[in-house]
Amino acid sequence: MIVRGAVLREMGLPSPYSESRPLRIEEVELAPPGPGELLVRIRAAGLCHSDLSVIDGSRPRVMPMLLGHEATGEVLQSEAAGFAVGDSVCFAFVPACGACGPCAEGRAALCEPGAAANVAGTLLSGERRLAGVNHHLGVSGFADHAVVSARSAVKVDPELPPEIAALFGCAVMTGVGAVVNTARVRAGQSAVVFGLGGVGLSALLGAVLVGAHPLVAVDVVPEKLALALELGATHAIDARSNDVAEQVREATGGGAHYAFETVGSASVLGQAYAATRRGGTTVTVGLPHPSQTLSIPAVSLVAEERTLKGSYLGSAIPTRDIPRYIALYQAGRLPVDRLLTATVPLDHLNEAFDTLASGASIRQVLLL
(Lines give C-alpha, C1' and ligand atoms only; values in the text may rest on other atoms or scores of the structure.)
Protein backbone atom coordinates (compact mmCIF):
# COMPACT_ATOMS: atom_id res chain seq x y z
CA MET A 1 0.00 0.00 0.00
CA ILE A 2 1.00 3.65 -0.34
CA VAL A 3 1.24 5.68 2.85
CA ARG A 4 1.70 9.40 3.37
CA GLY A 5 4.28 10.35 5.96
CA ALA A 6 7.04 12.72 7.10
CA VAL A 7 10.43 11.65 5.75
CA LEU A 8 13.75 13.11 6.88
CA ARG A 9 16.41 12.79 4.18
CA GLU A 10 19.12 15.02 5.65
CA MET A 11 19.99 15.77 9.27
CA GLY A 12 21.25 19.11 10.50
CA LEU A 13 19.36 21.50 8.26
CA PRO A 14 19.23 24.94 9.91
CA SER A 15 16.25 26.28 11.79
CA PRO A 16 13.72 27.72 11.39
CA TYR A 17 12.39 24.47 10.02
CA SER A 18 9.43 26.30 8.54
CA GLU A 19 11.97 27.56 5.98
CA SER A 20 14.51 24.73 5.62
CA ARG A 21 11.71 22.07 5.55
CA PRO A 22 13.72 19.06 6.80
CA LEU A 23 10.58 16.93 6.97
CA ARG A 24 9.10 16.25 3.56
CA ILE A 25 5.59 14.86 3.30
CA GLU A 26 5.99 12.01 0.84
CA GLU A 27 4.16 8.97 -0.46
CA VAL A 28 6.06 5.81 0.46
CA GLU A 29 5.31 2.20 -0.40
CA LEU A 30 4.59 0.10 2.69
CA ALA A 31 4.87 -3.69 2.42
CA PRO A 32 2.41 -5.98 4.24
CA PRO A 33 3.29 -7.19 7.74
CA GLY A 34 5.45 -10.29 8.06
CA PRO A 35 5.26 -12.96 10.78
CA GLY A 36 4.90 -11.41 14.22
CA GLU A 37 4.01 -8.00 12.79
CA LEU A 38 0.99 -5.69 12.63
CA LEU A 39 -0.42 -3.22 10.13
CA VAL A 40 -1.71 -0.26 12.11
CA ARG A 41 -3.77 2.76 11.11
CA ILE A 42 -2.03 5.55 13.00
CA ARG A 43 -4.41 7.88 14.83
CA ALA A 44 -2.02 10.17 16.72
CA ALA A 45 1.69 10.70 17.29
CA GLY A 46 3.46 12.96 19.78
CA LEU A 47 6.31 15.32 18.87
CA CYS A 48 9.27 14.54 21.11
CA HIS A 49 12.81 15.88 21.55
CA SER A 50 14.01 12.44 20.47
CA ASP A 51 12.56 13.24 17.05
CA LEU A 52 14.04 16.74 17.13
CA SER A 53 17.48 15.37 18.03
CA VAL A 54 17.44 13.33 14.81
CA ILE A 55 16.32 16.34 12.79
CA ASP A 56 19.07 18.59 14.16
CA GLY A 57 21.70 15.85 13.93
CA SER A 58 22.55 15.54 17.63
CA ARG A 59 21.22 11.97 17.62
CA PRO A 60 22.59 10.53 14.35
CA ARG A 61 20.48 7.92 12.58
CA VAL A 62 20.58 6.20 9.21
CA MET A 63 18.97 8.24 6.47
CA PRO A 64 16.42 8.59 4.97
CA MET A 65 14.03 7.90 7.84
CA LEU A 66 10.29 8.23 8.42
CA LEU A 67 10.18 9.78 11.87
CA GLY A 68 7.80 9.46 14.82
CA HIS A 69 8.00 7.05 17.75
CA GLU A 70 5.35 8.13 20.30
CA ALA A 71 2.15 6.95 18.64
CA THR A 72 -1.12 5.07 18.86
CA GLY A 73 -3.48 3.51 16.36
CA GLU A 74 -5.85 0.71 15.35
CA VAL A 75 -4.79 -2.72 14.11
CA LEU A 76 -5.92 -3.36 10.52
CA GLN A 77 -4.04 -6.63 9.98
CA SER A 78 -2.41 -8.97 12.49
CA GLU A 79 0.21 -11.60 11.80
CA ALA A 80 0.90 -12.01 15.52
CA ALA A 81 -0.71 -13.98 18.32
CA GLY A 82 -2.57 -11.88 20.88
CA PHE A 83 -3.61 -9.10 18.51
CA ALA A 84 -6.77 -8.86 16.42
CA VAL A 85 -8.19 -6.47 13.84
CA GLY A 86 -9.74 -3.52 15.63
CA ASP A 87 -7.44 -3.57 18.66
CA SER A 88 -6.24 -0.17 19.85
CA VAL A 89 -2.50 -0.16 20.48
CA CYS A 90 0.16 2.14 21.82
CA PHE A 91 3.81 1.71 20.84
CA ALA A 92 6.98 1.35 22.86
CA PHE A 93 10.08 2.72 21.13
CA VAL A 94 12.22 -0.29 22.05
CA PRO A 95 10.84 -3.60 20.76
CA ALA A 96 11.50 -6.25 23.41
CA CYS A 97 12.40 -9.66 22.00
CA GLY A 98 11.67 -11.38 25.32
CA ALA A 99 14.58 -13.82 24.95
CA CYS A 100 17.90 -11.93 25.28
CA GLY A 101 19.77 -11.50 28.55
CA PRO A 102 18.31 -8.11 29.53
CA CYS A 103 14.77 -9.22 28.62
CA ALA A 104 15.20 -12.35 30.73
CA GLU A 105 16.14 -10.09 33.64
CA GLY A 106 13.00 -7.98 33.19
CA ARG A 107 14.92 -5.08 31.61
CA ALA A 108 12.98 -4.69 28.38
CA ALA A 109 14.39 -1.21 27.75
CA LEU A 110 17.83 -2.77 27.25
CA CYS A 111 16.72 -5.47 24.78
CA GLU A 112 19.79 -6.20 22.67
CA PRO A 113 18.09 -7.18 19.38
CA GLY A 114 15.69 -4.26 19.87
CA ALA A 115 18.57 -1.81 20.26
CA ALA A 116 20.36 -3.25 17.21
CA ALA A 117 17.20 -2.93 15.10
CA ASN A 118 16.66 0.67 16.21
CA VAL A 119 20.22 1.65 15.28
CA ALA A 120 19.90 -0.09 11.90
CA GLY A 121 16.53 1.51 11.12
CA THR A 122 14.73 -1.82 10.81
CA LEU A 123 11.93 -3.63 12.59
CA LEU A 124 12.81 -6.24 15.22
CA SER A 125 12.94 -8.89 12.50
CA GLY A 126 15.74 -7.00 10.76
CA GLU A 127 13.41 -6.24 7.84
CA ARG A 128 12.26 -2.92 6.43
CA ARG A 129 8.65 -2.65 5.33
CA LEU A 130 9.08 0.91 4.01
CA ALA A 131 10.47 0.99 0.46
CA GLY A 132 13.80 2.83 0.44
CA VAL A 133 13.19 4.45 3.83
CA ASN A 134 14.34 3.45 7.33
CA HIS A 135 12.07 2.95 10.32
CA HIS A 136 12.38 5.22 13.35
CA LEU A 137 12.68 3.25 16.60
CA GLY A 138 10.53 0.51 15.14
CA VAL A 139 7.49 2.77 14.81
CA SER A 140 7.66 5.56 12.16
CA GLY A 141 4.47 7.06 13.50
CA PHE A 142 4.42 10.29 11.47
CA ALA A 143 2.41 8.53 8.77
CA ASP A 144 -1.16 7.43 8.23
CA HIS A 145 -0.19 3.73 8.45
CA ALA A 146 2.72 1.75 9.88
CA VAL A 147 3.90 -1.84 10.03
CA VAL A 148 5.43 -2.66 13.40
CA SER A 149 6.63 -5.67 15.32
CA ALA A 150 4.00 -6.90 17.74
CA ARG A 151 6.82 -6.64 20.31
CA SER A 152 6.54 -2.86 19.89
CA ALA A 153 2.79 -2.77 20.54
CA VAL A 154 0.69 -2.77 23.70
CA LYS A 155 -3.09 -3.07 23.65
CA VAL A 156 -4.89 -0.13 25.27
CA ASP A 157 -8.44 0.92 26.09
CA PRO A 158 -10.13 1.93 22.80
CA GLU A 159 -12.13 4.59 24.65
CA LEU A 160 -8.95 6.55 25.37
CA PRO A 161 -8.71 9.62 23.09
CA PRO A 162 -5.83 9.03 20.64
CA GLU A 163 -4.16 12.36 21.42
CA ILE A 164 -3.89 11.18 25.04
CA ALA A 165 -3.10 7.53 24.33
CA ALA A 166 -0.06 8.50 22.26
CA LEU A 167 1.58 10.19 25.25
CA PHE A 168 1.91 6.93 27.16
CA GLY A 169 4.36 5.47 24.63
CA CYS A 170 7.22 7.84 25.45
CA ALA A 171 6.64 10.91 27.63
CA VAL A 172 4.63 9.18 30.35
CA MET A 173 6.39 5.83 30.26
CA THR A 174 9.80 7.51 30.38
CA GLY A 175 9.08 10.21 32.96
CA VAL A 176 6.84 8.34 35.37
CA GLY A 177 8.96 5.23 34.96
CA ALA A 178 12.13 7.11 35.95
CA VAL A 179 10.47 7.89 39.28
CA VAL A 180 8.69 4.62 40.08
CA ASN A 181 10.93 2.06 38.36
CA THR A 182 14.44 3.51 38.20
CA ALA A 183 14.56 5.63 41.36
CA ARG A 184 11.76 4.00 43.33
CA VAL A 185 11.03 7.20 45.22
CA ARG A 186 9.14 6.72 48.47
CA ALA A 187 6.56 8.99 50.07
CA GLY A 188 8.13 11.84 52.00
CA GLN A 189 11.43 11.80 50.12
CA SER A 190 12.40 15.02 48.38
CA ALA A 191 12.81 15.31 44.63
CA VAL A 192 13.77 17.85 41.99
CA VAL A 193 13.03 17.74 38.26
CA PHE A 194 15.30 19.61 35.84
CA GLY A 195 13.46 20.36 32.59
CA LEU A 196 9.69 20.55 32.23
CA GLY A 197 8.96 19.19 28.78
CA GLY A 198 6.71 16.20 28.26
CA VAL A 199 9.11 13.79 29.97
CA GLY A 200 10.03 16.17 32.79
CA LEU A 201 6.44 17.01 33.67
CA SER A 202 5.61 13.30 33.49
CA ALA A 203 8.38 12.72 36.03
CA LEU A 204 6.88 15.45 38.17
CA LEU A 205 3.46 13.78 37.94
CA GLY A 206 5.08 10.50 38.94
CA ALA A 207 6.72 12.18 41.92
CA VAL A 208 3.37 13.66 42.99
CA LEU A 209 1.79 10.22 42.57
CA VAL A 210 4.22 8.54 44.97
CA GLY A 211 4.14 11.37 47.51
CA ALA A 212 7.54 13.01 47.06
CA HIS A 213 7.95 16.06 49.31
CA PRO A 214 9.27 18.68 48.94
CA LEU A 215 9.07 18.59 45.15
CA VAL A 216 11.07 21.17 43.19
CA ALA A 217 10.66 22.06 39.50
CA VAL A 218 13.43 23.75 37.47
CA ASP A 219 13.07 25.28 34.00
CA VAL A 220 13.66 28.48 32.04
CA VAL A 221 10.06 28.95 30.89
CA PRO A 222 7.82 30.77 33.43
CA GLU A 223 4.64 29.19 32.08
CA LYS A 224 6.05 25.70 32.58
CA LEU A 225 7.09 26.55 36.14
CA ALA A 226 3.56 27.84 36.83
CA LEU A 227 2.06 24.62 35.46
CA ALA A 228 4.43 22.54 37.60
CA LEU A 229 3.14 24.34 40.70
CA GLU A 230 -0.45 23.65 39.61
CA LEU A 231 0.40 19.96 39.17
CA GLY A 232 1.87 19.58 42.65
CA ALA A 233 5.39 21.02 42.80
CA THR A 234 6.10 22.81 46.09
CA HIS A 235 8.84 25.03 44.68
CA ALA A 236 9.67 26.43 41.23
CA ILE A 237 13.15 27.68 40.32
CA ASP A 238 14.21 29.64 37.25
CA ALA A 239 17.05 27.68 35.67
CA ARG A 240 18.67 30.93 34.52
CA SER A 241 19.62 31.72 38.11
CA ASN A 242 23.30 31.51 39.03
CA ASP A 243 22.69 29.44 42.16
CA VAL A 244 20.14 26.80 41.10
CA ALA A 245 21.74 23.96 43.06
CA GLU A 246 21.92 26.10 46.18
CA GLN A 247 18.24 27.06 45.83
CA VAL A 248 17.33 23.38 45.52
CA ARG A 249 19.38 22.54 48.62
CA GLU A 250 17.62 25.29 50.54
CA ALA A 251 14.16 24.17 49.39
CA THR A 252 14.84 20.54 50.30
CA GLY A 253 16.68 21.05 53.57
CA GLY A 254 20.18 20.16 52.44
CA GLY A 255 19.67 18.71 48.99
CA ALA A 256 17.17 16.45 47.24
CA HIS A 257 16.99 12.74 47.88
CA TYR A 258 16.39 12.35 44.14
CA ALA A 259 17.19 14.58 41.18
CA PHE A 260 15.85 13.92 37.68
CA GLU A 261 17.56 15.43 34.63
CA THR A 262 15.40 15.40 31.51
CA VAL A 263 17.06 18.08 29.35
CA GLY A 264 19.77 16.05 27.64
CA SER A 265 22.59 18.37 28.70
CA ALA A 266 25.75 17.37 30.52
CA SER A 267 25.93 20.77 32.24
CA VAL A 268 22.36 20.42 33.53
CA LEU A 269 23.15 16.90 34.68
CA GLY A 270 26.06 18.36 36.65
CA GLN A 271 23.65 20.82 38.29
CA ALA A 272 21.26 18.01 39.14
CA TYR A 273 24.07 16.01 40.75
CA ALA A 274 25.14 19.05 42.77
CA ALA A 275 21.55 19.56 43.96
CA THR A 276 21.33 16.18 45.70
CA ARG A 277 22.18 15.53 49.33
CA ARG A 278 24.68 13.10 50.82
CA GLY A 279 23.37 9.65 49.93
CA GLY A 280 21.26 11.16 47.14
CA THR A 281 20.51 9.71 43.73
CA THR A 282 20.65 11.50 40.39
CA VAL A 283 18.68 9.94 37.53
CA THR A 284 19.20 11.11 33.96
CA VAL A 285 16.75 10.42 31.15
CA GLY A 286 17.92 13.11 28.72
CA LEU A 287 19.92 12.20 25.61
CA PRO A 288 22.85 14.61 25.19
CA HIS A 289 24.99 14.74 22.07
CA PRO A 290 27.46 11.82 22.14
CA SER A 291 30.37 14.28 22.32
CA GLN A 292 29.27 15.74 25.68
CA THR A 293 31.08 14.59 28.81
CA LEU A 294 30.31 14.95 32.51
CA SER A 295 32.78 15.95 35.22
CA ILE A 296 31.90 15.33 38.88
CA PRO A 297 33.96 15.06 42.08
CA ALA A 298 34.78 11.35 41.93
CA VAL A 299 35.35 11.09 45.66
CA SER A 300 31.72 12.11 46.35
CA LEU A 301 30.46 8.81 44.96
CA VAL A 302 32.20 6.98 47.81
CA ALA A 303 32.59 9.49 50.62
CA GLU A 304 28.98 10.70 50.29
CA GLU A 305 27.45 7.46 48.96
CA ARG A 306 25.89 9.25 46.01
CA THR A 307 24.37 7.39 43.07
CA LEU A 308 24.31 8.48 39.42
CA LYS A 309 22.25 6.34 37.08
CA GLY A 310 20.57 6.37 33.71
CA SER A 311 16.98 5.55 32.89
CA TYR A 312 15.95 4.52 29.37
CA LEU A 313 12.29 3.99 28.49
CA GLY A 314 11.63 4.64 32.18
CA SER A 315 13.20 1.25 32.99
CA ALA A 316 9.80 0.01 31.89
CA ILE A 317 8.22 -3.26 30.98
CA PRO A 318 5.77 -1.67 28.49
CA THR A 319 3.16 -4.44 28.59
CA ARG A 320 2.98 -3.97 32.36
CA ASP A 321 3.50 -0.24 32.74
CA ILE A 322 1.49 1.35 29.92
CA PRO A 323 -1.84 -0.23 31.04
CA ARG A 324 -0.99 0.59 34.65
CA TYR A 325 -0.33 4.27 33.91
CA ILE A 326 -3.46 4.50 31.77
CA ALA A 327 -5.50 3.09 34.65
CA LEU A 328 -4.02 5.71 36.99
CA TYR A 329 -4.89 8.43 34.46
CA GLN A 330 -8.45 7.16 34.19
CA ALA A 331 -8.70 7.13 37.99
CA GLY A 332 -7.68 10.80 38.09
CA ARG A 333 -4.33 10.16 39.75
CA LEU A 334 -2.06 10.85 36.78
CA PRO A 335 -3.43 13.88 34.88
CA VAL A 336 -1.33 13.48 31.75
CA ASP A 337 -3.91 15.37 29.68
CA ARG A 338 -2.38 18.53 31.19
CA LEU A 339 0.72 17.83 29.10
CA LEU A 340 -1.12 18.29 25.80
CA THR A 341 -0.30 21.71 24.39
CA ALA A 342 -1.82 21.47 20.90
CA THR A 343 -2.75 19.13 18.07
CA VAL A 344 -1.22 19.64 14.61
CA PRO A 345 -1.82 18.31 11.09
CA LEU A 346 0.80 16.38 9.12
CA ASP A 347 1.50 19.27 6.75
CA HIS A 348 2.48 21.57 9.64
CA LEU A 349 5.09 19.32 11.28
CA ASN A 350 8.07 21.54 10.42
CA GLU A 351 6.45 24.55 12.03
CA ALA A 352 5.51 22.43 15.04
CA PHE A 353 9.14 21.38 15.52
CA ASP A 354 10.11 25.06 15.53
CA THR A 355 7.67 25.48 18.41
CA LEU A 356 9.16 22.47 20.20
CA ALA A 357 12.73 23.71 19.70
CA SER A 358 11.81 27.11 21.16
CA GLY A 359 10.60 25.52 24.39
CA ALA A 360 7.14 27.01 23.94
CA SER A 361 5.28 23.67 24.04
CA ILE A 362 5.06 20.68 26.31
CA ARG A 363 3.56 18.04 24.02
CA GLN A 364 2.15 18.71 20.58
CA VAL A 365 0.38 15.75 19.02
CA LEU A 366 -0.02 15.01 15.35
CA LEU A 367 -3.57 13.88 14.54
CA LEU A 368 -4.01 11.68 11.46
Side-chain angles (χ1 to χ4, degrees), residues 48-50 53 93-94 102 105-110 170-219 228 231-235 237 239 244-245 248-249 251-252 254-288 292-298 300-302 304-318 321 325 334:
C48 175
H49 270 91
S50 293
S53 65
F93 60 86
V94 178
E105 295 174 357
R107 305 189 72 180
L110 300 182
C170 178
V172 177
M173 184 162 52
T174 299
V176 177
V179 173
V180 303
N181 294 329
T182 310
R184 300 185 179 181
V185 178
R186 298 191 301 273
Q189 293 182 312
S190 56
V192 55
V193 179
F194 285 78
L196 301 177
V199 173
L201 281 171
S202 291
L204 187 129
L205 289 177
V208 172
L209 176 73
V210 301
H213 185 85
L215 176 55
V216 184
V218 182
D219 202 282
L231 294 175
T234 59
H235 300 76
I237 296 174
V244 172
V248 174
R249 287 194 292 269
T252 56
H257 288 97
Y258 292 94
F260 299 90
E261 184 277 322
T262 73
V263 178
S265 163
S267 63
V268 176
L269 178 56
Q271 281 189 319
Y273 185 84
T276 58
R277 65 180 61 206
R278 293 166 60 88
T281 296
T282 304
V283 177
T284 177
V285 305
L287 292 170
Q292 292 190 29
T293 59
L294 174 68
S295 177
I296 59 172
S300 65
L301 290 169
V302 175
E304 299 179 4
E305 288 196 352
R306 293 175 183 253
T307 300
L308 174 61
K309 62 194 308 183
S311 177
Y312 193 52
L313 196 75
S315 303
I317 300 174
D321 290 339
Y325 298 157
L334 203 61

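Side chains are part of it too, since the values below use all heavy atoms of this structure and drop only hydrogens, waters and symmetry mates.
No donor-acceptor pair under 3.5 Å is formed between the side chain of Arg107 and the backbone N or O of Ala316. Judged by distance alone, the side chain of Ser202 and the main-chain N or O of Ala171 form a donor-acceptor pair under 3.5 Å. Gln189 places a side-chain N or O within 3.5 Å of a backbone atom of Arg186 that can act as its donor or acceptor partner. Panel note: side chain Ser311, backbone Thr182; no donor-acceptor pair is recorded below 3.5 Å. For the pair Thr262 (side chain) and Gly286 (backbone), a donor-acceptor distance under 3.5 Å is absent. At distances below 3.5 Å, not a single donor-acceptor pair connects side-chain atoms of Thr276 with backbone N or O atoms of Gly280. A donor-acceptor contact shorter than 3.5 Å is absent between the side chain of Arg249 and the backbone of Gly255. In terms of modelled atom types and a separation under 3.5 Å, the side chain of Glu261 and the main chain of Gly264 share a donor-acceptor contact.
Residues Ala109 and Val94 approach most closely at O-CG1, 3.8 Å, considering heavy atoms. Summarising the geometry of Phe194 relative to Val248, their closest heavy-atom pair is CZ-CG2, 4.4 Å, with the distance given to 0.1 Å. Of all heavy-atom pairs between Val208 and Gly232, the closest is CG2-CA, 3.9 Å. Closest of all the heavy-atom pairs between Ala178 and Val285 is CB-CG1, 3.7 Å. Minimum interatomic distance between Ala259 and Ala272 (heavy atoms only, all atoms of both residues): CB-O, 3.5 Å. Across all their heavy atoms, Val244 and Ala239 have their closest contact at CG2-O, 3.7 Å.
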Chi angles and distances behind the side chain to side chain contact (heavy atoms under 4.5 Å, CB included) call for Arg277, Ser190: CA-CA 10 Å; Arg277 65 180 61 206; Ser190 56; 3.7 Å; yes
Report the C-alpha separation of Val192 and Thr252 in whole Å, then their side-chain angles, then the decisive distance to 0.1 Å, and conclude whether the side chain to side chain contact (heavy atoms under 4.5 Å, CB included) test is met. CA-CA 9 Å; Val192 55; Thr252 56; 5.7 Å; no
Please lay out, stage by stage, how Tyr273 and Ser300 fare under the test side chain to side chain donor-acceptor pair (under 3.5 Å). CA-CA 10 Å; Tyr273 185 84; Ser300 65; 2.6 Å; yes
Side chain to side chain contact (heavy atoms under 4.5 Å, CB included) between Val176 and Leu334: does it pass, once the steps are laid out? CA-CA 9 Å; Val176 177; Leu334 203 61; 4.2 Å; yes
Test side chain to side chain contact (heavy atoms under 4.5 Å, CB included) on Leu308 and Leu294 and set out the steps. CA-CA 11 Å; Leu308 174 61; Leu294 174 68; 3.7 Å; yes
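No side-chain heavy atom of Val218 sits under 4.5 Å from any side-chain heavy atom of Val268. Residues Val179 and Phe260 have side chains in contact (heavy-atom distance under 4.5 Å, counting atoms from C-beta outward). Put simply, the side chain of His257 does not reach to within 4.5 Å of the side chain of Val185, judged on heavy atoms. Within the 4.5 Å cutoff, the side chain of Leu204 has heavy atoms near those of the Leu231 side chain. A 4.5 Å side-chain heavy-atom check between Val216 and Ile237 finds at least one atom pair inside the cut-off. Looking at Ser265 and Pro288, their side chains never come closer than 4.5 Å, going by heavy atoms from C-beta outward.
From Leu269, atom CG reaches atom OG1 of Thr284 across 4.5 Å, with rounding to the nearest 0.5 Å. A distance of 12.0 Å separates CG in Leu205 from OH in Tyr325, rounded to the nearest 0.5 Å. A distance of 6.0 Å separates NE2 of His213 from OG1 of Thr234, quoted to the nearest 0.5 Å.
Taking a 6.0 Å sphere around CD of Gln292, one finds it holds more than 12 heavy atoms contributed by other residues, nucleotides or ligands.
In this structure, Tyr312 has its ring center closer than 6.0 angstrom to the ring center of Phe93.
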